[in-house]
Amino acid sequence: MNRIVTEQATLVWFRQDLRIQDNPALYYAAAQGKVLPVYIFDTKHPGQWQQGGASRWWLHQSLIALNERLNGALRIFQGDPLDLIPALLQTAGIKRMAWNRCYQPWQIRRDGALEVTVKDLDIEVHTHNGSLLWEPWEVLKKDGTPYKVFTPYFRKGCMTREAPRFPLPAPQSLQTLSHAIKGEGLDSLALMPTVNWYPDMACQWQPGEEGAGDRLSEFVTQRLVQYKRGRDRPDIQATSRLSPHLHFGELSPNQAWYVTQNAPLSSSSEDDRDCFLSELGWREFSHYLLYHWPTLPRDNFQEKFDRFAWRHASEDLEAWQRGTTGIPMVDAGMRELWQTGYMHNRVRMIVGSFLVKNLRLHWHLGQAWFWDTLVDADLASNSASWQWIAGSGADAAPYFRIFNPVTQGQRFDPDGVYVKRFCPELSGLPDKYIHCPWMAPALVLAQSGVVLGSTYPQPIVDLKVSRQQALSAFAALKNHSSSVAH
Ligand code: FAD
């Protein structure tokens, strides 16, 4: 191989940036000369945060799509990047590498260690921001400390700064060093589930950059105009469903931001635009919290919750996971999650509140189940959101705010369309009882073909009683804090 060509080449390490458009590391590398594109499935550093089943399915599809975009030049490996990358650089004779930064604590530690190792080998390292609109260390309060509350973080901290970076095009010419190194191949990663539970999920999604772009255009042209009003309704398709594409970096938040900002909308839709941009802001805020408080996935942000009287009830947990709690909104949400790898945001809040408040099971249990089953499982958003629901988070819902799944259902799924989609055994019930079948008279149940305890479960808890018990457990926490304080 021509030594000069390889010395001017750059190894681009793809991670959560599985795209070629608006990819700052790839763009930089392509401008220098040839590129060796590499993906490594890290088997060493993630620990308990190794990708779950649904994410692994998505990753498999996304790597196929990226490899196609790179004309088959992507080299795929698994193992410890701290061993593999120096070896690859030496074998290929490459003197420069580039990557887009990642923000999970274990990734920050690993990437820092890699930077030191490869610099010792005289390799140039170029890192870029390809995943966030604003770097978390740049947005601070006047006193130099990080924000803990979303609105001032976003309105004062972010929106008064320089606008986010404008998206880059795909590199004009991308010449790859495909012959320099042979990869292990995608199949060796064994990412696809061995049990065939994913066909329904596969119909819903098109992982990869093309699917992400199509979804963004479809959302902006068809649904953005009613986003603010529609985003809380799980019975209609009103949100973007971009979360897995954003998580895997098949689309950058900058692309989503500018396509939304430049969409030609009438003045009556300005609120919809703002509302969507602020949801992208929530994604940023979650990453921001994780960056500044790296123990967020494990430790209660508010320490008083360390003393909370969580229950241990594996049967209740299993009923929640399987969608057999006997509470239709909760069951529909948990079944949507299992069948599609996704759950509507409003329903995530309802099932989350039910788990941590009505069942009083630790938020770690919900976080772990979501981690395994969501295609958009994201350490920052998942951890921050579970702490928000539990009341233990930075800018959390107060503990006494307990979502009532019946009234939430009546308000956000008024005709029971969502419940009927995922709990078809309740389809015969009149709308009045679709969210509370246990309140239906025996005759109505019989006419609807519903036998509680047989065709559909009896509720595993009484909503009123369990609500009261949760409030008492919380009051005990407060009393303890005030007696300690006095
Ligand atoms: P849209 O309404 O179209 O929003 C656009 C984008 O904004 C989303 O794709 C997402 O990137 C971001 N966003 C929207 N709402 C939030 C939010 N509350 N927090 C952070 N980012 C947000 N989101 C994840 O991406 N991964 C997770 O693992 C995750 N776990 C969650 C767990 C719980 C208990 C709850 C309540 C929420 C969780 N969320 C998570 C946030 C939110 O539910 C999803 O981002 C959203 O439902 C994705 O659907 P969408 O793309 O259609 O959202």
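Order of listing sets the numbers, starting from 1, for every ligand and every atom in it. Just so it is clear, the structure is predicted and the values come from calculations on it, not from any experiment. The figures that follow rest on heavy atoms only: side chains count, while hydrogens, waters and symmetry mates do not.
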Quick look: N382 vs ligand 1, heavy-atom contacts under 4.0 Å, and the answer is both
When only distance counts, is N345 in polar contact with ligand 1, meaning an N/O pair under 3.5 Å? yes
So for W388 against ligand 1, with non-hydrogen atoms under 4.0 Å, the contacting part is neither
Sequence neighbours excluded, the answer for salt bridge (charged side-chain N to carboxylate O under 4.0 Å, His left out) partners of R241 is E336
The closest protein heavy-atom partner of atom 24 (C) of ligand 1 is S381 CB, 3.5 Å
Atom 35 (C) of ligand 1 sits nearest the protein heavy atom S385 CB, 3.3 Å
Check your understanding: Cut-off 3.5 Å, side chains only: do H287 and Y103 have a donor facing an acceptor?
Key -> no
Could you go through N129 and N100, starting from their C-alpha distance and side-chain angles, then the distance that decides it, and tell me whether this counts as side chain to side chain donor-acceptor pair (under 3.5 Å)? CA-CA 5 Å; N129 177 358; N100 293 311; over 6 Å; no
Atom 8 (C) of ligand 1 sits nearest the protein heavy atom S243 CB, 4.2 Å
Distance-only side-chain donor-acceptor flag, D316 / W320, under 3.5 Å: no
| request: Cation-pi check, R15 to W13: give yes when NZ or CZ is under 6.0 Å from the six-membered ring centre and within 45° of the ring axis, no otherwise. | output: yes
Next on the checklist: For the 3.5 Å polar cut-off, considering only N or O atoms, please tell me whether H344 and ligand 1 meet it.
Outcome noted: no
4.0 Å heavy-atom contact, H247 with ligand 1: no
Does the residue G352 have a heavy-atom contact with ligand 1, meaning some pair of atoms that are separated by less than 4.0 Å? no
If you scan protein heavy atoms around atom 19 (N) of ligand 1, the nearest is W282 CB, 3.9 Å
Q107 meets the side-chain hydrogen bond (donor to acceptor under 3.5 Å, both in side chains) criterion, sequence neighbours left out, with Q16
The protein heavy atom nearest to atom 40 (C) of ligand 1 is R348 NH1, 3.2 Å
Point to revise | Short side-chain donor-acceptor distance under 3.5 Å, Q408 and R346 | key: yes
**Prompt:** Is L242 close to ligand 1, meaning an N/O of one under 3.5 Å from an N/O of the other?
**Reply:** yes
Would you tell me whether Q387 and S392 have side-chain atoms, one donor and one acceptor, within less than 3.5 Å of each other? yes
Atom 14 (C) of ligand 1 has as its nearest protein heavy atom E279 OE1, 3.5 Å
Determine, using ring centers only, whether H292 and Y288 are less than 6.0 Å apart.
yes
For L246, the atoms of ligand 1 under 4.0 Å from one of its heavy atoms are 9 (O), 11 (O)
| With distance as the sole criterion, is a donor-acceptor pair present between the side chains of D331 and Y456 under 3.5 Å? | yes
Test salt bridge (Lys or Arg N to Asp or Glu O under 4.0 Å), reference E209, set R19, R69, R215, output is R69
- prompt: Should D378 be counted as touching ligand 1, given the test is an N or O pair under 3.5 Å?
  reply: yes
(message) When you measure from the heavy atoms of Y227 to every atom of ligand 1, does any distance fall below 4.0 Å?
(response) yes
*Run the contact test for F219 against ligand 1 with a 4.0 Å cut-off on heavy atoms, strictly below, and give the result.*
no
Say whether R231 and ligand 1 are in contact under the criterion: heavy-atom distance to a ligand atom below 4.0 Å. no
Atom 3 (O) of ligand 1: closest protein heavy atom, distance to 0.1 Å, is S240 OG, 2.6 Å
Worksheet item: Less than 4.5 Å apart, any side-chain heavy atom of K420 and any of D431?
Response: yes
protein heavy-atom neighbour closest to atom 49 (O) of ligand 1 works out as Y342 OH, 2.8 Å
